[in-house]
Amino acid sequence: RVTMNTNGLNDFVILRTVLNGVLGGVGRPAVGTAGGPQCDVQEPASANDQPNQASALGIGQVVCGAFAEPTGGLVDQDFYSFQAVQGVTYRFETWAARTGSPADTIITVTTVTGAELVPPNDDFGGTTDSRVEWSAGSSGTRFVRVTEFHSQGGDGWTYRLASSVV
């Protein structure tokens, strides 16, 4: 059990996804499909496109998500909130290319105002997927933001977001 006091500071992780230009209908990976970590949670069908609509992310969970095809000039982005504890190091890793998705993710840890807290990571472990480790300077609600870099989405534009404590 963790007890914490928040000081009102919010940080979030930006996961910008660089993709190869394929468009189509919306597709979501099946929970527990092979080729990467098993999914604990499926991205909700309801809107989670802004921090105030963020879906809860339990550290240690793997979320399966997808980018919807842009409509009316609006690009899909997914926000997940989690409770950071001061002094704890977190790892956020995307699985997209390694699961057959055309996605090439970039992960950046930032403050709520967009200031980067750690340099962005584009490629990790010889793949186009990404991994970032970040130590919380203060306790409180933080956000993981997953976006598609070229403002595209559709069938097969999927990702898995794995979160853990290092």
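Numbers here simply count residues along the sequence, with the first being 1.
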Electrostatic pair E93:R98 at N-O distance under 4.0 angstrom: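 Counted as a salt bridge, because a side-chain N and a carboxylate O are separated by less than 4.0 Å.
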Have [X] and [Y] got a donor and an acceptor in their side chains that come within less than 3.5 Å?
X: Y159; Y: D129; value: no
X: T127; Y: R131; value: no
X: T141; Y: Q83; value: yes

Do [X] and [Y] sit in the same hydrophobic cluster, where Ile, Leu, Val, Met, Phe, Trp and Tyr count as joined when their side-chain heavy atoms come under 4.5 Å apart?
X: V62; Y: V41; answer: no
X: V88; Y: V132; answer: yes
X: V166; Y: F124; answer: no

Go through the steps to decide whether W134 and R142 satisfy the test side chain to side chain contact (heavy atoms under 4.5 Å, CB included), and finish with yes or no. CA-CA 12 Å; W134 169 73; R142 306 299 189 263; 3.7 Å; yes
Please say which of E43, R160, Q38 ends up in a side chain to side chain contact (heavy atoms under 4.5 Å, CB included) with C64.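 Filter result, single survivor: R160.
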Minimum heavy-atom separation for [X] and [Y], please, with both atom names.
X: S101; Y: G156; result: OG-O, 3.3 Å
X: S135; Y: T89; result: OG-OG1, 2.6 Å
X: A84; Y: A136; result: CB-CB, 4.0 Å

Does the side chain to side chain contact (heavy atoms under 4.5 Å, CB included) test come out yes or no for V144 and L161, once each step is laid out? CA-CA 9 Å; V144 177; L161 172 63; 3.3 Å; yes
Please evaluate residues Y90 and F82 with respect to the criterion ring pair (Phe, Tyr, Trp, His ring centres under 6.0 Å), reporting the C-alpha separation (whole Å), side-chain torsions for both, the decisive distance (0.1 Å), and the verdict. CA-CA 11 Å; Y90 298 92; F82 71 98; 5.4 Å; yes
